[in-house]
A.B. asks: 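Have a look at the structure that comes next, please.
In what follows, residues are counted from 1 in the order of the sequence shown.
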Amino acid sequence: QVQLVESGGGLVQAGGSLRLSCAASGRTFSRYSMAWFRRQAPGKEREFVAVISRSGSTYYEDSVKGRFTISRDNVKNTVYLQMNSLKPEDTAVYYCAALDSYYARYRESDYNYWGQGTQVTVSS
């Protein structure tokens, strides 16, 4: 069992930056693949943003490549999402997710554990 708590969301102007953090409970954080998803409107499905595998491999959704960076600190049990060059279309609730697997996964349905979400709003 793992509990996830996101932080770092807020309001930023287009072109600005934010860093999201996701703190995980438990002593086995290093065995989890960790991902960020986002929901851009109520009722829409959460969409994949980025994932970092147990080994540290990273993968990104095409629209965020080159702008977002996912990283993890296995000592602090935390995963980060550094978001640069933000655009109004990045506005969403961002969720952290964990999967007890060596492999990175991209589907919402693959993930067992979710945080409560943090709102990111990018103004034009």
A.B. asks: Return the minimal non-hydrogen interatomic distance between Val5 and Gln116, and the atom names on each side.
C.D. replies: CA-OE1, 3.8 Å
A.B. asks: Considering all heavy atoms of both residues, which atom of Gly9 and which atom of Leu20 are nearest to each other, and what is their separation?
C.D. replies: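 Gly9 and Leu20 have their closest heavy atoms at N-CD2, 3.6 Å.
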A.B. asks: Is there side-chain contact between Leu86 and Leu18, with at least one heavy-atom pair below 4.5 Å?
C.D. replies: yes
A.B. asks: Within 45 degrees of the ring normal and closer than 6.0 Å to the centroid, is that where the cationic atom of Arg72 sits relative to Tyr80?
C.D. replies: no
A.B. asks: Verify the cluster assignment for Ile70 and Phe37: are they in a single hydrophobic cluster under the rule of side-chain heavy atoms below 4.5 Å apart?
C.D. replies: no
A.B. asks: Kindly indicate whether the side chain of Phe68, heavy atoms from C-beta on, has any atom under 4.5 Å from the side chain of Asn84.
C.D. replies: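 In short, these two side chains do not touch, never coming nearer than 4.5 Å.
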A.B. asks: Do Val12 and Met83 belong to the same hydrophobic cluster, where Ile, Leu, Val, Met, Phe, Trp and Tyr are linked whenever their side-chain heavy atoms lie under 4.5 Å apart, directly or via other members?
C.D. replies: yes
A.B. asks: May I ask you to test the Ser7-Thr118 pair for a side-chain heavy-atom distance under 4.5 Å?
C.D. replies: no
A.B. asks: Would you say the side chains of Arg38 and Tyr94 form a donor-acceptor pair under 3.5 Å?
C.D. replies: yes
A.B. asks: How far apart are the closest heavy atoms of Val2 and Ala98, and which atoms are they?
C.D. replies: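 Minimum heavy-atom separation between Val2 and Ala98: CG1-CB, 4.2 Å.
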A.B. asks: Side chain to side chain contact (heavy atoms under 4.5 Å, CB included) for Tyr106 and Tyr59? Distances and angles first, verdict last.
C.D. replies: CA-CA 9 Å; Tyr106 313 103; Tyr59 303 92; 3.6 Å; yes
A.B. asks: Working to the nearest 0.5 Å, report the span between OH of Tyr32 and OG of Ser101.
C.D. replies: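 Nearest 0.5 Å value for the OH-OG distance: 11.0 Å.
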A.B. asks: Keeping Arg67 on the side-chain end and Ser63 on the backbone end, is there a donor-acceptor pair under 3.5 Å?
C.D. replies: yes
A.B. asks: Heavy atoms, side chains only, cut-off 4.5 Å: are Arg105 and Tyr111 in contact?
C.D. replies: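 In short, these two side chains touch, coming nearer than 4.5 Å.
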A.B. asks: Rounded to the nearest 0.5 Å, what's the gap from OG1 on Thr69 to CZ on Arg19? Could you check?
C.D. replies: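 Result: 11.5 Å between the selected atoms.
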A.B. asks: Would you find a donor on one side and an acceptor on the other, under 3.5 Å apart, between the side chain of Ser33 and the backbone of Tyr103?
C.D. replies: yes
A.B. asks: With a 4.5 Å heavy-atom cut-off, do Asp100 and Arg54 have their side chains touching?
C.D. replies: yes
A.B. asks: Can you check salt bridge (Lys or Arg N to Asp or Glu O under 4.0 Å) on Asp110 and Arg107, steps first, answer last?
C.D. replies: CA-CA 5 Å; Asp110 288 327; Arg107 296 182 305 178; 3.0 Å; yes
A.B. asks: Has the side chain of Glu6 got a donor or acceptor atom that lies under 3.5 Å from a matching backbone atom of Gly117?
C.D. replies: yes
A.B. asks: For the pair Gln40 (side chain) and Glu89 (backbone), establish whether a donor and an acceptor sit closer than 3.5 Å, ignoring hydrogens and angles.
C.D. replies: yes
A.B. asks: Given side chain to side chain contact (heavy atoms under 4.5 Å, CB included), test Val120 with Thr91 step by step and report yes or no.
C.D. replies: CA-CA 5 Å; Val120 171; Thr91 295; 5.9 Å; no
A.B. asks: Is there side-chain contact between Val51 and Trp36, with at least one heavy-atom pair below 4.5 Å?
C.D. replies: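 Of all side-chain heavy-atom pairs linking Trp36 with Val51, none is under 4.5 Å.
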A.B. asks: Could you check whether Asp62 pairs with Lys65 (Lys NZ or Arg NE/NH1/NH2 to Asp/Glu carboxylate O, under 4.0 Å)?
C.D. replies: yes
A.B. asks: Distance to the ring centre below 6.0 angstrom and angle to the axis at most 45 degrees; does that hold for Arg46 and Trp114?
C.D. replies: yes
A.B. asks: Any idea which heavy atoms bring Gly115 and Tyr95 closest together, and the distance?
C.D. replies: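 Where Gly115 meets Tyr95 most closely, the heavy atoms are O-CD2, 3.7 Å.
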A.B. asks: Begin from the C-alpha positions of Ser17 and Gln82 and carry the test side chain to side chain contact (heavy atoms under 4.5 Å, CB included) through to its verdict.
C.D. replies: CA-CA 7 Å; Ser17 298; Gln82 178 67 45; 4.0 Å; yes
A.B. asks: Quick check on the hydrophobic clustering: are Leu99 and Val79 connected, directly or via other members, by side-chain heavy-atom contacts under 4.5 Å?
C.D. replies: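 In one cluster: no.
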A.B. asks: Answer yes if the side chains of Thr78 and Asp73 hold a donor-acceptor pair under 3.5 Å, and no otherwise.
C.D. replies: no
A.B. asks: With side chain to side chain contact (heavy atoms under 4.5 Å, CB included) as the test, would you mind laying out the steps for Tyr102 and Ser55 before giving the verdict?
C.D. replies: CA-CA 7 Å; Tyr102 179 85; Ser55 67; 3.7 Å; yes
A.B. asks: Work out which heavy atom in Ser124 is nearest to a heavy atom in Ala14; give both atom names and the distance.
C.D. replies: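 So the minimum-distance heavy-atom pair works out to CA-CB, 4.4 Å.
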A.B. asks: Which atom pair, heavy atoms only, marks the closest approach of Cys96 to Met34?
C.D. replies: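 Here Cys96 and Met34 meet closest at SG-CE, 3.7 Å.
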A.B. asks: Tell me if the CD atom of Gln3 is crowded by more than 12 foreign heavy atoms within 6.0 Å.
C.D. replies: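 Atom CD in Gln3 is not packed in, count stays at 12 or less.
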A.B. asks: In Å, rounded to the nearest 0.5 Å, how long is the span from OG of Ser57 to CD1 of Ile52?
C.D. replies: 8.0 Å
